[in-house]
Each structure stands twice: as structure tokens, then as C-alpha cells.
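Counting starts at 1 for both ligands and their atoms, in listed order.
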Amino acid sequence: MKLYNTLTRKKDEFTTLDGSNTVRMYSCGPTVYNYAHIGNLRTYVFMDLLRRVLKYEGYDIKGVMNITDVGHLTDDGDDGEDKMATAAKREKKDPWQIAEYYTGIFMRDFDKLNIGKPEIICKATEHIEDMIEYVQGLEEKGFGYETDDGIYYDISKFKDYGALSGNTLEDLKAGARIEVNDGKRNPYDFAIWKKAPKEHIMQWPSPWGQGYPGWHIECSTMSRKYLGDTFDIHTGGVDHIPIHHENEIAQSEGLTGVNPAKFWIHGDFMLVDGGKMSKSLGNTYTIEQLEQKGYSAMAFRYFCLNAHYRKKLNFTFETMDGAKTSYDRLLNLLKKHKESPAKTEESVLEKYKTEFKNDVGDDLNIPSALGVLWTMLKEPYSVDIYNLALDFDRVFGLSLDALPEDEKVEIPSEIIAKAEEMQAARKEKNWAVADAIRAELNGLGYVVKNTKDGYVIELK
Ligand code: AMP
Ligand code: ZN
């Protein structure tokens with residue numbers, strides 16, 4: 001199979017570094033200071049597709065994903081406040097509670113979107129000792145130096161800076177801001193460890209006094225710890241290329257002398273209404289918000305699969321409506337195939353199998369592979385087609401064996417009437433009556449769940 005490698009700027013044939021059947025892969029994980037928006041989740045759907053295609057090709061995977069629960073500043077460089085501390089103030093909680101809450105929601109979104117969890121999920125705050133050792137190593141090798149407010153990486157010592165983005169040292173010099181932090185040797189040097197002022201909430205003892213790690217050192221430390229000095233694949237969003245991943249490479253090469261990953265693979269961004277997603281524009285939708293508007297997580301996954309991971313994907317509610325309709329049509333067609341005992345000739349099935357395999361093996365051309373599925377579903381109804389579609393679904397992860405939306409659960413009208421009665425009792429704060437009806441409904445096999453907009457009835 002071929003994969004586009006940001007490092008070589010071309011599609012390269014994929015093989016593992018050690019020739020084994022296990023792919024060692026590191027994925028930059030979330031900063032758990034807020035709900036993941038649909039853009040963030042697009043990047044993890046891409047990670048998941050890569051994992052699924054590798055598995056389809058017969059590989060095992062040792063995947064590692066970090067949870068950034070300290071050290072990611074509001075500016076990707078060294079400025080601003082720690083995102084966790086900002087969230088803690090906003091929500092009047094401590095950063096550990098913030099991390100726990102948003103990590104939980106993030107993992108629930110993974111489940112809803114059929115995103116396979118990496119084999120190792122590691123929190124930055126549980127690896128502080130390892131990070132300190134890494135920073136010490138960089139100091140010993142002459143790449144790290146101390147200033148009044150932290151330990152910095154001396155980029156001028158690393159001649160190959162810019163391998164991924166093409167941002168050379170010369171470009172950095174030209175673009176560097178006049179720095180207030182005059183302890184730095186070069187304005188573009190970045191912090192690998194920050195000294196913590198007293199009032200800073202998250203801090204640990206270190207050889208340089210109380211402090212906390214820089215965001216970039218977290219990924220370098222944890223990827224090395226679990227995958228070794230070099231591994232097969234490193235993934236992230238395209239925004240990570242010019243700073244975060246360049247700095248990871250600088251750190252790894254500084255310490256070990258080698259670029260940590262053979263393949264650097266990046267997913268492009270999601271836009272909303274043709275522009276950037278941002279809190280101030282109110283367009284950073286979450287999966288839960290889409291669900292409340294009537295779009296299932298699977299319909300959103302289907303939406304993502306229609307664009308190649310290296311292309312920008314523009315989210316609008318019109319295109320999302322289209323994805324929802326297509327996904328429903330897909331399930332309806334599949335059901336017809338499932339119910340037909342007719343046979344399909346082996347040669348016909350083989351043709352589709354080959355086309356599908358060629359597409360997914362060509363730098364994850366999932367949109368084209370979906371095209372193969374749609375063409376195949378136009379064949380005369382046959383359970384053989386259904387079974388092959390389920391085989392393709394090992395890659396798509398679209399729950400193609402699910403019942404079509406319109407057939408999901410039919411709630412009898414008398415049950416709906418009882419739930420309405422219960423709601424009315426709740427409104428009047430008549431809790432005893434409401435609880436009695438809830439118990440009665442439970443006994444009949446139904447649960448009523450309260451939502452923002454009212455309630456839903458589900459089978460128990
Ligand atoms: P963060 O939690 O901010 O560290 O981001 C988590 C992941 O989401 C990173 O891999 C980012 O590259 C990615 N990301 C952030 N914004 C977008 C977006 N609009 N579209 C796609 N991916 C994004
Ligand atoms: Zn990272």
C-alpha cells in the first residue's frame with residue numbers, strides 16, 4: 001500500500017521499519033480542556049481509517065495516543081496561559097477535574113463514531129519524570145539551556161530544522177517577533193520545560209525548581225517511551241506540521257540522532273461554511289449538538305468519509321443533510337441485499353474486491369472506495385453483496401449492519417402517552433406521580449431519558 005509522507009512529499013510504499021507485521025504508530029491526542037469539535041473529530045476519524053486500512057492489509061497495530069492535560073499554552077508557541085488552567089478558572093474546577101471530564105466525553109465520542117481506541121492512551125501528567133529525564137538528556141547533548149523562566153531548545157544547534165514544513169532557520173529568523181524574553185539565545189527557541197510561578201496550579205519538582213513540561217516534549221517523551229527511538233507512523237492535523245511536529249523532530253534528533261518516524265501523515269482541516277471554526281463564530285459544533293439537530297454520529301462519519309483526508313472538508317448543514325440522506329439510503333439498500341437469498345457470481349464479487357483494495361491501498365482513497373460500494377449495490381439484490389459490503393465495512397466503520405433509521409424502534413402510542421403524562425407530572429413537580437409512571441414504563445421495557453429539548457424513549 002502507498003501512503004503520502006509529509007516528510008518526503010510523495011506517496012511512498014509502506015513497509016514497517018523492522019520488517020515485522022506490527023505497525024508502531026503515534027497519534028497526537030487531544031488537549032482535554034473543552035469539548036472536541038467536529039473538526040478535531042475529523043482528524044481522529046482519519047487516524048481511525050488509517051488504522052483500519054492497515055488492519056485490512058493484514059497488519060497488527062501498536063498505536064499510542066497522548067492526552068495533553070498540561071502544558072499546551074493558548075498560543076502554540078510559548079506564550080499565553082496553560083489551556084487547562086484557563087478552563088479550570090472558567091469552570092471553577094481544578095485542572096484534574098477538567099481533564100477527567102473532557103477525556104470522558106472525548107472517549108464517548110470515539111465510541112459513537114466507531115473510532116478504534118489506540119492500544120496505549122497515555123496522559124502527560126503521568127509521565128512527568130520521563131519528561132524531566134528527556135529534558136536533562138537534551139541539556140547534556142547541548143541542545144537545552146536554562147533561562148530565568150525555563151529550559152529552552154537551541155534551534156540554531158539543529159541544522160536540519162524544517163524538514164517537514166520547509167520552514168528553514170533563515171525563515172524563522174526573518175519571522176521572529178521581538179522577544180520580551182531576552183534570556184533566550186535565539187528568539188525562535190522554544191520551551192521544553194517551564195518554571196512555574198507560585199500561583200501556577202499544575203507544577204512538579206524538577207532539577208530546575210517547580211515547573212511543568214512544554215507541550216512538544218510530551219509527545220517526544222511518550223512516543224519514545226512506548227514505541228522506541230524510531231517507529232513507523234506519526235499522525236496529526238496539518239496545523240501541527242510547522243511548529244509542533246518540527247519541534248518534536250528537533251527534540252528527538254537532538255537526543256537520539258534520528259528522526260523518530262518513518263512516515264509523517266497529516267489530515268487536513270474541516271471548515272464550517274467555508275471558513276475557520278471558532279468559538280467566537282459559534283460554529284464549533286460537537287457531536288452531541290449534531291445529534292440534537294437530528295444527525296446521527298454515523299451520518300457524520302459518512303460525511304467525513306466523502307472527502308479524502310488530505311483535502312479540506314467544508315461542513316454546512318446542507319451538505320450534512322445530503323450525507324444523512326445518503327447514509328439512510330445506503331442502509332435501506334443493504335437491507336434489500338441482506339433479505340435476498342440470490343447468489344452473485346464469484347468473478348463479479350472479485351472485481352469489486354480488487355477495486356476496493358486498490359482504492360484503500362492508494363493513500364486511503366476512501367471516497368473512491370465508497371464509490372465502489374455504491375456501484376456494487378446496484379447489482380441485483382443478493383446476500384453475497386451484503387456480506388461483501390460488511391467486509392468493506394471493516395475499513396469504513398459505518399455500522400453497515402445497522403437497521404435503517406426509519407426502522408429503528410417503533411414506540412407504541414400508549415407508551416408515548418404515558419411518557420407525556422410523566423412529563424406533565426414533572427412540570428407540576430409532582431415527583432411521586434412522575435416516578436410511579438417511570439417505574440411502570442420500566443416494567444414495560446422502556447426508559448425515558450430527559451434531554452435538553454424534552455425527552456426520548458428508548459428500549460431498556
Ligand atoms: P487539540 O485538542 O487542539 O490539540 O486538537 C486535536 C486535534 O484536532 C489535532 O490533531 C489538531 O490538528 C486537530 N484539529 C484542530 N482543529 C481542526 C479542524 N478545524 N479540522 C480538523 N482537525 C483539527
Ligand atoms: Zn503531539
Open item on the list: Just verifying a value: how many Å separate H216 NE2 and E246 CD, rounded to the nearest 0.5 Å?
Closed with: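 Separation between the atoms: 11.0 Å.
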
Open item on the list: Nearest 0.5 angstrom please: M202 CE to T125 OG1, how far?
Closed with: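 The CE atom of M202 sits 5.5 Å away from the OG1 atom of T125.
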
To which protein heavy atom is [atom] closest, and what is the distance rounded to 0.1 Å?
| atom | answer |
| --- | --- |
| atom 9 (C) of ligand 1 | H240 CE1, 3.6 Å |
| atom 11 (C) of ligand 1 | D239 OD1, 3.5 Å |
| atom 7 (C) of ligand 1 | Y44 OH, 3.5 Å |

Task: Polar atom proximity, N40 to ligand 1 (N or O, under 3.5 Å) - done: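 N/O-N/O distance below 3.5 Å exists for this pair.
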
Just which atoms of ligand 1 are under 4.0 Å from any heavy atom in [X]?
| X | answer |
| --- | --- |
| M277 | 19 (N) |
| T43 | 10 (O), 13 (C), 21 (C), 22 (N), 23 (C) |
| G237 | 10 (O), 12 (O) |
| P30 | 2 (O) |

Open item on the list: Does the plane of the ring in W264 sit parallel, tilted or perpendicular to the ring in H234? Use 30° and 60° as the thresholds.
Closed with: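 Parallel.
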
N/O/S from [X] sitting under 2.8 Å away from the Zn ion (ligand 2):
| X | result |
| --- | --- |
| H216 | no |
| H240 | no |
| C219 | yes |

Task: T316 versus N314, side-chain donor and acceptor atoms under 3.5 Å - done: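 Absent: no donor and acceptor within the cut-off.
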
Task: For ligand 1, the portion of M270 having any non-hydrogen atom under 4.0 Å away - done: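 Both the backbone and the side chain of M270 come within reach of ligand 1.
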
